[in-house]
Amino acid sequence: QQQVKQSPQSLIVQKGGISIINCAYENTAFDYFPWYQQFPGKGPALLIAIRPDVSEKKEGRFTISFNKSAKQFSLHIMDSQPGDSATYFCAASNDYKLSFGAGTTVTVRA
Amino acid sequence: GAVVSQHPSRVICKSGTSVKIECRSLDFQATTMFWYRQFPKQSLMLMATSNEGSKATYEQGVEKDKFLINHASLTLSTLTVTSAHPEDSSFYICSARMGSNQPQHFGDGTRLSIL
C-alpha cells in the first residue's frame with residue numbers, strides 16, 4: 001500500500017521549460033516532505049524539503065508548493081536543463097521512516 | 001557535508017554465496033541507518049532500520065535471517081545477504097541520519113547480481 005501517490009510517471013520537457021511533479025498523501029501524521037533526485041546507478045540525493053508550516057519553499061530553480069488542506073505537494077523545476085534529466089521521488093515522513101512515491105522520470109530535451 | 005559511502009558498488013557472485021555490504025557515514029555520526037532495496041524502474045522499498053548498538057527493525061515481509069544487519073558503531077552499518085539466490089539480485093541502498101528530525105542521506109548503492 002503506497003502511502004504517497006506520485007504523478008506523472010514520466011514527463012518530457014524542452015530546455016528552458018517548467019517541469020511539474022505532483023504528490024498526494026493520506027497520513028496526516030506526516031510532517032516532513034523531501035524530494036530526492038536520482039541518476040541511473042546512483043543513490044538518491046536530497047534536493048529540497050518542506051515542513052507543513054509553510055506553503056512554499058524555493059531553492060534556486062527548484063520550488064516546493066505545499067497544500068496542507070488538500071494533502072498535496074508538488075515540485076516545480078524552472079528553466080529545466082538537460083542535466084536535470086533524472087528520476088525524482090517525493091517522500092513523506094513522520095520523523096521516523098520515509099515513505100516514497102513511485103518516482104517520475106524527467107527528460108529534458110535540448 | 002553529510003556524505004554516506006557504500007561499498008562495494010557492484011558484486012557479482014554465485015548462488016549460495018553470502019555477500020556483505022558496508023555503509024559508512026564519513027563526516028557525521030549516524031544514530032540511525034536504513035537499508036533499502038530498489039528494483040529497476042521502481043521506487044525504494046525500506047527493508048530495515050538500524051540504530052547503533054541495538055537490533056535492527058525489519059519491515060513486514062523481509063526475512064531477518066536472510067538479510068542480516070549489524071550497526072556496530074555510529075559510522076558503520078553492514079547488510080549481509082546470506083546464501084544469496086538469483087531472486088536476491090537487486091540494487092541495495094543505505095541511508096543515514098544524524099538524529100531524529102534530520103534528513104536521510106543516501107549512499108550510491110550496491111548492484112548485487114547473483115548468477
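Just so it is clear: chains get the letters A, B, ... in the order the sequence lines come, proteins before strands, and each one is counted from 1.
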Worksheet, complete the sentence: Turns out that what part of B/Gln38 lies under 4.5 Å from chain A's heavy atoms comes down to side chain
Worksheet item: Residues in salt bridge (charged side-chain N to carboxylate O under 4.0 Å, His left out) with A/Lys42, at least two apart?
Response: B/Asp108
Worksheet item: Of all heavy-atom pairs between B/Phe91 and A/Gln38, which one has the smallest distance, and what is that distance?
Response: CE2-NE2, 4.0 Å
Worksheet entry | Structural part of A/Gln6 lying under 4.5 Å from a heavy atom of chain B | neither
List the atom pairs, donor and acceptor, that lie under 3.5 Å between side-chain atoms in residues 83-91 of chain A and the rest of the protein, sequence neighbours left out.
residue : atom : partner  : partner atom : Å
A/Asp84 : OD1  : A/Arg61  : NH2          : 2.9
A/Asp84 : OD2  : A/Arg61  : NH1          : 2.8
A/Asp84 : OD2  : A/Arg61  : NH2          : 3.2
A/Asp84 : OD2  : A/Gln81  : N            : 2.8
A/Ser85 : OG   : A/Pro82  : O            : 3.0
A/Ser85 : OG   : A/Val108 : N            : 2.9
A/Thr87 : OG1  : A/Thr105 : OG1          : 3.4
A/Tyr88 : OH   : A/Gln37  : NE2          : 3.0
A/Tyr88 : OH   : A/Asp84  : O            : 2.5

Worksheet item: Counting heavy atoms not belonging to A/Glu26, are there more than 12 under 6.0 Å from its CD?
Response: no
Worksheet, complete the sentence: Heavy-atom nearest pair, A/Gly101 first then B/Ser43, reads O-OG, 2.6 Å
Discussion item. For A/Pro44, which atoms come within 4.5 Å of any heavy atom of chain B: side chain, backbone, both, or neither?
Written reply: both
Worksheet entry | Engaged part of B/Thr110 at the chain A interface, taking heavy atoms whose separation is under 4.5 Å | neither
Discussion item. Please enumerate all residues that pass side-chain contact (heavy atoms from CB on, under 4.5 Å) together with B/Gln42, with sequence neighbours excluded.
Written reply: B/Phe39
Worksheet item: Which answer fits A/Tyr36, side chain, backbone, both or neither, if we ask what part of it has an atom under 4.5 Å from a heavy atom of chain B?
Response: side chain
Item to complete: State the CG-OH distance between A/Leu98 and B/Tyr36, to the nearest 0.5 angstrom.
Response: 4.5 Å
Worksheet, complete the sentence: Turns out that what part of B/Gln60 lies under 4.5 Å from chain A's heavy atoms comes down to neither
Response to the item:
Counting heavy-atom pairs under 4.5 angstrom with chain B, the leader among A/Ser99, A/Ala45, A/Gly41 is A/Gly41
Worksheet entry | Co-membership, hydrophobic cluster, residues A/Val13 and A/Trp35, 4.5 Å side-chain | yes
Worksheet item: Are A/Phe100 and B/Phe34 co-members of a hydrophobic cluster defined by side-chain heavy atoms under 4.5 Å apart?
Response: yes
Worksheet item: Any chain of hydrophobic side-chain contacts (each under 4.5 Å) joining A/Ile64 to A/Val106?
Response: yes
Worksheet item: Hey, quick one: are B/Trp35 and B/Val19 part of the same hydrophobic cluster, counting side-chain heavy atoms closer than 4.5 Å, chains of contacts allowed?
Response: yes
Fill in: B/Lys41 NZ: over 12 foreign heavy atoms closer than 6.0 Å
no
Worksheet entry | Heavy-atom pair of closest approach, residues B/Pro103 and A/Leu46 | CB-CD2, 3.7 Å
Worksheet item: Do any of residues 69-90 of chain B have a heavy atom less than 4.5 Å from a heavy atom of chain A, and if so, which, in residue order?
Response: none
Discussion item. Quick check on B/Leu46 against chain A: is it the side chain, the backbone, both or neither that has a heavy atom closer than 4.5 Å?
Written reply: side chain
Worksheet item: With hydrophobic residues grouped by side-chain heavy-atom distances under 4.5 Å, do A/Phe73 and A/Val54 end up in a single group?
Response: yes
